[in-house]
Amino acid sequence: MKIKQLKEIFILGNRCDVKWDKKNYGGSFDMAEQKIVIGSKCIDTNPEYTFSVLMHEISECVHTVLCTRYQDNSVSNNHKFFMDHKEFQNHNTILSEIILKFIE
């Protein structure tokens, strides 16, 4: 698998810069700053792991834009996702369209 290292994506009209961090494995996003960070330390040796990080972060961004991701204040740094089947399908459609752009 080869992953295209795109520099930006759009989620329902919201532009997000994508930064590839060669020193780390994990990922993060900040919708206020419109930035997604993907750890690409193992992109050459384990692209499947890097792809899973990419999917995770973009999925959370999509949930944030769709307003189906909420902060769970009972546990530190935890989130809950509330949606019905239609919202779930909308999420999957948007996520699929974005993710396909990263696959060569």
Side-chain angles (χ1 to χ4, degrees):
M1 165 189 286
K2 180 121 172 104
I3 301 171
K4 294 180 193 174
Q5 294 185 36
L6 303 179
K7 302 291 185 198
E8 70 178 6
I9 60 170
F10 290 87
I11 303 170
L12 295 178
N14 296 284
R15 181 180 180 273
C16 287
D17 293 323
V18 181
K19 180 180 181 230
W20 297 87
D21 184 352
K22 295 179 183 180
K23 295 180 180 181
N24 291 300
Y25 294 101
S28 64
F29 81 96
D30 185 330
M31 285 305 288
E33 291 187 24
Q34 295 179 296
K35 182 171 80 172
I36 300 169
V37 178
I38 304 299
S40 59
K41 189 170 184 173
C42 66
I43 196 167
D44 294 325
T45 58
N46 192 351
E48 292 82 7
Y49 177 79
T50 303
F51 188 73
S52 74
V53 172
L54 178 67
M55 288 268 302
H56 177 102
E57 297 307 330
I58 292 175
S59 182
E60 285 202 73
C61 288
V62 171
H63 278 297
T64 299
V65 170
L66 293 176
C67 298
T68 55
R69 176 183 180 268
Y70 302 90
Q71 179 68 35
D72 177 7
N73 291 325
S74 67
V75 180
S76 177
N77 197 25
N78 192 37
H79 299 90
K80 291 189 177 187
F81 302 87
F82 295 101
M83 70 202 92
D84 60 24
H85 192 264
K86 182 177 179 180
E87 291 167 319
F88 176 71
Q89 184 59 45
N90 287 340
H91 166 269
N92 290 342
T93 300
I94 295 164
L95 179 63
S96 297
E97 290 173 1
I98 294 169
I99 287 298
L100 282 173
K101 295 175 183 175
F102 286 90
I103 300 172
E104 287 191 7

Next item on the list: State, to 0.1 Å, how close Cys16 and Met31 come at their nearest heavy-atom pair, and which atoms those are.
Entry: SG-SD, 3.9 Å

Item checked: Heavy-atom closest pair, residues Ala32 and Asp30 -> N-OD1, 2.9 Å

Note to self: Please say yes or no: joined through hydrophobic side-chain contacts below 4.5 Å, possibly via intermediate residues, are Val62 and Ile9 part of one cluster?
What the structure shows: yes

Item checked: Student check: side-chain heavy atoms of Leu95 and Met55 closer than 4.5 Å -> yes

Notebook entry, point to check: Which distance, rounded to the nearest 0.5 Å, do you find between the CG of Asp21 and the OG of Ser28?
Noted result: 8.5 Å

Margin query: Quick check: closest heavy atoms across Leu6 and Val18, and the distance to 0.1 Å?
Written below: O-CB, 3.4 Å

Check: Do the side chains of Ile58 and Phe88 join up, straight or via other hydrophobic residues, at under 4.5 Å, putting them in one cluster?
Finding: no

Check: So do the side chains of Asn90 and Met83 get within less than 4.5 Å of each other, counting heavy atoms only?
Finding: no

Note to self: With clusters defined by side-chain heavy atoms of hydrophobic residues (ILVMFWY) lying less than 4.5 Å apart, directly or transitively, does Ile11 cluster with Phe81?
What the structure shows: no

Check: Phe82 and Ile94: same hydrophobic cluster, using ILVMFWY side-chain contacts below 4.5 Å?
Finding: no

Note to self: Nearest 0.5 angstrom please: Lys19 NZ to Ser40 OG, how far?
What the structure shows: 9.5 Å

Notebook entry, point to check: side chain to side chain donor-acceptor pair (under 3.5 Å) with His63: which of Arg69, His79, His91?
Noted result: His91

Note to self: Can you give me the closest heavy-atom contact between Leu66 and Glu87, atom names plus distance?
What the structure shows: CD1-O, 4.3 Å

Check: Between Gln71 (side chain) and Asn78 (backbone), is there a donor-acceptor pair under 3.5 Å?
Finding: yes

Check: So, Asn24 side chain and Gly26 main chain: donor-acceptor pair closer than 3.5 Å or not?
Finding: no

Next item on the list: Flag yes if more than 12 heavy atoms outside Lys4 fall under 6.0 Å of its NZ atom; otherwise flag no.
Entry: yes

Next item on the list: Answer yes if Leu100 and Phe10 sit in the same cluster of Ile, Leu, Val, Met, Phe, Trp and Tyr residues linked by side chain heavy atoms under 4.5 Å apart, and no otherwise.
Entry: no

Notebook entry, point to check: Could you state the interatomic distance from OH (Tyr70) to OG1 (Thr64), rounded to the nearest 0.5 Å?
Noted result: 10.5 Å

Check: Taking atom CD1 of Ile36 and atom NE2 of His56, what is their separation to the nearest 0.5 Å?
Finding: 11.5 Å

Margin query: Nearest 0.5 Å, please: how far is CH2 in Trp20 from OG1 in Thr50?
Written below: 7.5 Å

Check: Distance from Phe102 atom CZ to Ile38 atom CD1, nearest 0.5 Å?
Finding: 7.5 Å

Next item on the list: Could you check whether the rings of Tyr25 and Tyr49 sit parallel, tilted or perpendicular, using 30° and 60° as the cut-offs?
Entry: perpendicular

